[in-house]
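Everything below concerns the one structure shown next.
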Amino acid sequence: MAGRRPHAVLLPLPGQGHINPMLQVAKLLHSRGFYVTFVHTRSSHRSILRSSGGPDALAGLEDFRYEVIPDGVAVPPTSRSSSKKKQQVSKGCVAYAATCSAPLREILLARRGGGGGPPGVTCVVYNWLMSFALDVAEELGIPALAFCTMSACGFLGSYFLEELIHKGYAPLKDEKYLTNGYLDTTIDWIPGMRGIRLRDLSSFIRTTDADDFFLETEATCTKKCDRAQGLILNTFDRLEAEVTEAIGAIFPKLYTLGPLPALLQANHAATDSPSVSTRFNYWEQERGCTEWLDAQSPGSVIYVSFGSLTTLTAEVLDEFAWGLADSGRPFLWVVRPDMVAGGGGNARPSVEDFVRRTCGGGRGFVAGWCMQEEVLAHPSVGGFLTHGGWNSTLESVCAGVPVICWPGFAEQHTNCRYACEEWGVGVELGREVRREDVSRLVKELMGGEGGERLRKNAAKWKEEAQSAAAVGGSSYENLERLAKDLSSGKFQVGS
Ligand code: UDP
């Protein structure tokens, strides 16, 4: 292996919360001398081109190439219909395995090295839910590393889903178990997760269906990481110390590289690597967010966003709207065109009407999509009402912004527990949204003593995040170790 340039092939799951972390890992490896092939599925590729207004976003470099493979998904990732979106996620996962395996195999076979072409493939880095990539890599004798885009606590909880199923905790015996206190059961045998309750674990256990697609997929794909040569996580050791220690005992080749955007920044400063896009978006950025934020007082704005997948009913949207209105605080709210379930993309007019009628003086700004990391880093932003997706949670940690968590899906409940109980940067908003709760929590976060405490903790974690990513920090060192392990041929398939 020595002397040959290492070549990494990266395969993200097509989804807003998955594509950028994988792109950041790709850029980090590229900066460490790797030749990179980044594989997009067609639907994702199209969405990026559409929102970025042309092919420049996917221009690549001579030694950082994009490949596009068919994904067999009829509905693009930005589908306006929420039921189609849900179907798409489940059908998509099945379709990816059926449709993408052969083209991925071809890409890997075409890059065996030799001649004047790209160097032979050294490793595959795949999103853990695209686990067919592991089968293909194994078949061709190429080392594969799983990249799980969840938090470490989310990953560890999901890693034990199989055991939860085996022990009879999930699926639930009866719908009543959702409300009769059963979810408060403490699980005391997951290492590194003291005091964790069923309700803090993946939402996929909240089913009575023994064949539930999400429960089975999450459990299987997470456990399948056992077969990968290594595991990459977008977190940093100090933030999730006990959990990363427990994962490290199961996965000796664990690389915690988070927060990836901060590591990328520190690494870029150190290596001055040439640049390709750092972010892909499936939606166009709303103009005017920054100008509006510039006009607000420091720390005064509550930023509200529920990520790329969450949908709301019109009633819940109303509760949030009137809660924000009653809080009396300036707010920047992201309402995606496809966010209201059954709304057929009509959410914006009703929200704009609400803003006009209740906050006429410019107290609110509603955007279809924004540059979230920039928004969180803006001095006017003092709090974040979030669904608690991992990227959003980690981005708020990086920005030192405290959160109100409204978890709903997958490991968002676990992230919420850690944000509120372990890191002391958040409070939880109950699942049943009531305007008075929204208003009360926003007021407390933005002006109360409790909010001040959370803000201090958030500022401390921001510093920790920067130290982890800086030269000599844990994530920086882990990147060095990863690049070294991969280029020295240390990983042997089947070992
Ligand atoms: N995001 C963004 N602009 C928005 C809303 C979200 O750039 O207006 C980004 C956000 O910064 C994050 C991602 O979308 O990186 C959402 O990922 P997350 O894991 O938080 O949630 P998901 O969308 O997977 O539920």
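Values below: every heavy atom of this structure, side chains too, minus hydrogens, waters and symmetry copies. Residue numbers start at 1 and run along the sequence shown. When a ligand or atom number is given, it counts from 1 through the structure's own listing order.
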Using a distance-only test with no angle check, is there a side-chain donor-acceptor pair under 3.5 angstrom linking [X] and [Y]?
{"X": "Q24", "Y": "N20", "result": "no"}
{"X": "S158", "Y": "E218", "result": "yes"}
{"X": "H18", "Y": "N391", "result": "no"}

Is ligand 1 under 4.0 Å from a heavy atom in the side chain of [X], in the backbone, in both, or in neither?
{"X": "Q16", "value": "side chain"}
{"X": "H18", "value": "neither"}
{"X": "R336", "value": "neither"}
{"X": "C370", "value": "both"}
{"X": "N391", "value": "both"}

To which protein heavy atom is [atom] closest, and what is the distance rounded to 0.1 Å?
{"atom": "atom 24 (O) of ligand 1", "value": "G17 CA, 3.9 Å"}
{"atom": "atom 23 (O) of ligand 1", "value": "S308 OG, 2.4 Å"}
{"atom": "atom 25 (O) of ligand 1", "value": "H387 NE2, 3.0 Å"}
{"atom": "atom 2 (C) of ligand 1", "value": "W369 CZ2, 3.2 Å"}
{"atom": "atom 20 (O) of ligand 1", "value": "S392 OG, 2.6 Å"}

Can you list the atoms of ligand 1 that are under 4.0 Å from a heavy atom of [X]?
{"X": "W390", "value": "19 (O)"}
{"X": "G307", "value": "23 (O)"}
{"X": "S305", "value": "5 (C)"}

Kindly assign one of parallel, tilted or perpendicular to the pair H30 and F64, based on the angle between their ring planes and the thresholds 30° and 60°.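 Ring orientation, 0 to 90° scale: perpendicular.
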Over 60° means perpendicular and under 30° means parallel, so tell me whether Y159 and F251 are parallel, tilted or perpendicular.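 Y159 vs F251 ring planes: perpendicular.
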What side-chain donor-acceptor pairs closer than 3.5 Å can you find for residues 295-302, not counting sequence neighbours?
residue : atom : partner : partner atom : Å
Q296    : NE2  : W292    : O            : 3.1
S300    : OG   : S297    : O            : 2.7

Under 4.0 Å between a Lys/Arg side-chain N and an Asp/Glu carboxylate O for E464 and R238?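 Looking at R238 together with E464, the answer is yes, because their closest N to O distance falls below 4.0 Å.
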Using the salt bridge (Lys or Arg N to Asp or Glu O under 4.0 Å) rule, collect all pairs that involve residues 365-390, keeping only residues at least two apart or in two chains.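 Passing the test, one end in residues 365-390: R279-E373.
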Any atom of ligand 1 sitting under 4.0 Å from a heavy atom of E395?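 Within the 4.0 Å threshold, so yes.
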Find out whether the Lys NZ or Arg CZ of R336 is both under 6.0 angstrom from the six-membered ring centre of W369 and within 45° of the ring's axis.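 Checked: cation-pi criterion not met.
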